[in-house]
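Written out below as structure tokens is the structure these notes cover.
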2 protein chains.
Amino acid sequence: MPRDTLTREQIVHAAVELLDAEGMEGLNMRALGKRLGAAATAVYWHVGSKDDLIALAGDHVWNEIALPDLQRCSPDDWRPAATDMADGLHAMLTRHPWLVQAFGSLLMAGPGKARHDDHNLALYEAAGFTGARADQAAAAVFTFVLGNAVGTAAAASLTRKLDREGDNAAQSMREGMAKAREVASSFPRLRARLETAAADYGAAPDDTFAFGLRAVLAGLESQRDAADSFESA
Amino acid sequence: MPRDTLTREQIVHAAVELLDAEGMEGLNMRALGKRLGAAATAVYWHVGSKDDLIALAGDHVWNEIALPDLQRCSPDDWRPAATDMADGLHAMLTRHPWLVQAFGSLLMAGPGKARHDDHNLALYEAAGFTGARADQAAAAVFTFVLGNAVGTAAAASLTRKLDREGDNAAQSMREGMAKAREVASSFPRLRARLETAAADYGAAPDDTFAFGLRAVLAGLESQRDAADSFESA
DNA sequence: GGCAGTACTTGAACACAGTGCAAGTCCCTT
DNA sequence: AAGGGACTTGCACTGTGTTCAAGTACTGCC
């Protein structure tokens, strides 16, 4: 495992692994150095700063998402491709929940994201959205998926926090639930949801995402047609 | 300005102000203490930890958003109310861009958010979404607005970073643009967007948000009706 | 083979962060 | 007046990003 000389790719790879395993607050230069079998400060030869490293890692993961073929993508039948693309993004963000935190605090605009964005834009142009509307449609879906990932990130962070508390994780969990229940007690609708949520916990998030995505795509189509009739008027 | 004794409310208020002005990485206990005219460690008597404080501040701002009257909200005419509510959330997140970062790294479930969530849920129930569908519809809109705020947070963070660099902010900005242009150069669609974006910079984000929101609401209505016909079949 | 220079690596150090601790200071109650 | 609780303070400890001077090792050249 320990190499005598480091490379940028190795560092980025290790950083992504560490971030996946420990999250944003688990990434520090000494831990990264240890994982690489090198001193913490050795990283600084290959990378300007920690922020640079995060930007590098944050861009790298965009390359993981598969780009659907757009040959069969037409204004009459574009939703399957759009769904594939959104699902790909969703899965990537689920694998790397830290990305949304990095995204919110740094500007992320590297080649990996550019590759994704370009294809995404092409998709909505092929789907019949013209000019700025293609941008807006692509942004709407992107935004929805990103927003969903915020919740995922929060959950992942919470899970790790509970893990870190070790023994009394279950008790901590119970306390949190009790507090939530107490807060919700004055809000009848929330209390009802809290009780049903305990039953189908785990399956719900995916359904909610799929439902929302379907709604967004359906809505975009209706807006596209509305825009068309607007422009031709 | 200096008080002889602190209160929780004062501390939370000051924390929100500091977060609004300096962002997440500008909030530290010594700076907060100075703003309060007290020693940094004095805060710890009123608040368990920095994370607790952020949770407190992060919940407090939810109370700022106005809750629309639901009397006139019906399955035939619910979108104005939903738009109001989403706009309120959007405005609040724009005022407090740090909230999305806090949201992504801590679990936020206090009374302020509960108040909002309950009303939001009530709205979608009044709009004719039944059972879990009301949850999913509310979540879809919430998620979209939240996702939008991620971009806002990133922009605010970038702006502050440029400010911090002081004199050569303009140069830094230019460098960033040049780099983006270089990255985009191999992606024809992105390059075109970058050029048009330079023209109508500033007005675009609001339009994009409004367009996306319209699409989401339209899509939800179509999905609601589809679900109805599904259930009655 | 020796030599220089380049490409890294290292350990010690600095500045600043969150936070625990013991020792205050004030004010209110009895 | 005395005591105690509410609150504040300064100090110090740990962990973090980052810098820097000092290495080490490899490369190509004479």
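Just so it is clear: chains get the letters A, B, ... in the order the sequence lines come, proteins before strands, and each one is counted from 1.
Below 30°, between 30° and 60°, or above 60°: for A/Phe142 and A/Trp62 the angle between ring planes is below 30°, a parallel geometry.
At a threshold of 4.0 angstrom between heavy atoms, the contacts of A/Ala39 are confined to the sugar-phosphate backbone, with no base atom among them. Among the heavy atoms of the strands, none lies under 4.0 Å from B/Leu32. In this structure, B/Leu53 reaches neither bases nor backbone, as no heavy-atom distance under 4.0 Å exists between it and the strands shown.
Going from atom CD of B/Gln136 over to atom CG of B/Leu220 covers 10.0 Å, rounded to the nearest 0.5 Å.
To the nearest angstrom, P of C/dA17 lies 14 Å from CD1 of B/Ile54. Rounded to whole Å, atom C1' of C/dG20 lies 16 Å from atom CH2 of B/Trp45. As a whole-Å value, the separation of A/Met24 CE from D/dT16 P is 14 Å. Going from atom CE of A/Met29 over to atom P of C/dT9 covers 13 Å, rounded to whole Å. A straight line from NZ of B/Lys34 to C1' of D/dG10 spans 15 Å, rounded to a whole angstrom. Rounded to whole angstrom, the span from the OH atom of A/Tyr44 across to the P atom of C/dA12 amounts to 18 Å. To the nearest angstrom, C1' of D/dT18 lies 12 Å from CG of A/Asp51. Atom C1' of nucleotide C/dT9 and atom CZ of A/Arg8 are separated by 18 Å, given to the nearest angstrom.
The phosphate of D/dT8 has OP1 or OP2 within less than 4.0 Å of a side-chain N or O from B/His46.
Atom NE2 of A/His60 is surrounded by 12 or fewer heavy atoms from other residues, nucleotides or ligands within 6.0 Å.
Closest approach to the A/Asn28 side chain among D/dT16, C/dT9, D/dC7 is made by D/dT16 (side chain taken as heavy atoms from C-beta onward). Of the candidate nucleotides D/dT18, C/dT9, C/dT19, D/dT18 has the atom nearest to the side chain of A/Ser49. Set against C/dA7, C/dG18, D/dT18, the side chain of A/Lys50 has D/dT18 as its closest nucleotide.
B/Phe187 does not carry A/Lys113 over the face of its six-membered ring by the limits of under 6.0 Å from the centre and within 45° of the normal.
Of the two residues contacting DNA chain C, namely A/Val43 and B/Leu27, the nearest-nucleotide position lying further toward the 5' end is that of A/Val43. In terms of position along DNA chain D, the nucleotide closest to B/Arg30 lies nearer the 5' end than the nucleotide closest to the other residue of the pair A/Arg30 and B/Arg30.
Evaluation of atom-type donor-acceptor distances gives a pair under 3.5 Å for the side chain of A/Thr41 against the base of C/dG11.
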**OP:** May I have the step-by-step check of side chain to side chain contact (heavy atoms under 4.5 Å, CB included) for B/Arg8 and B/Ile11, ending in yes or no?
**Re:** CA-CA 5 Å; B/Arg8 223 171 143 104; B/Ile11 292 176; 5.7 Å; no
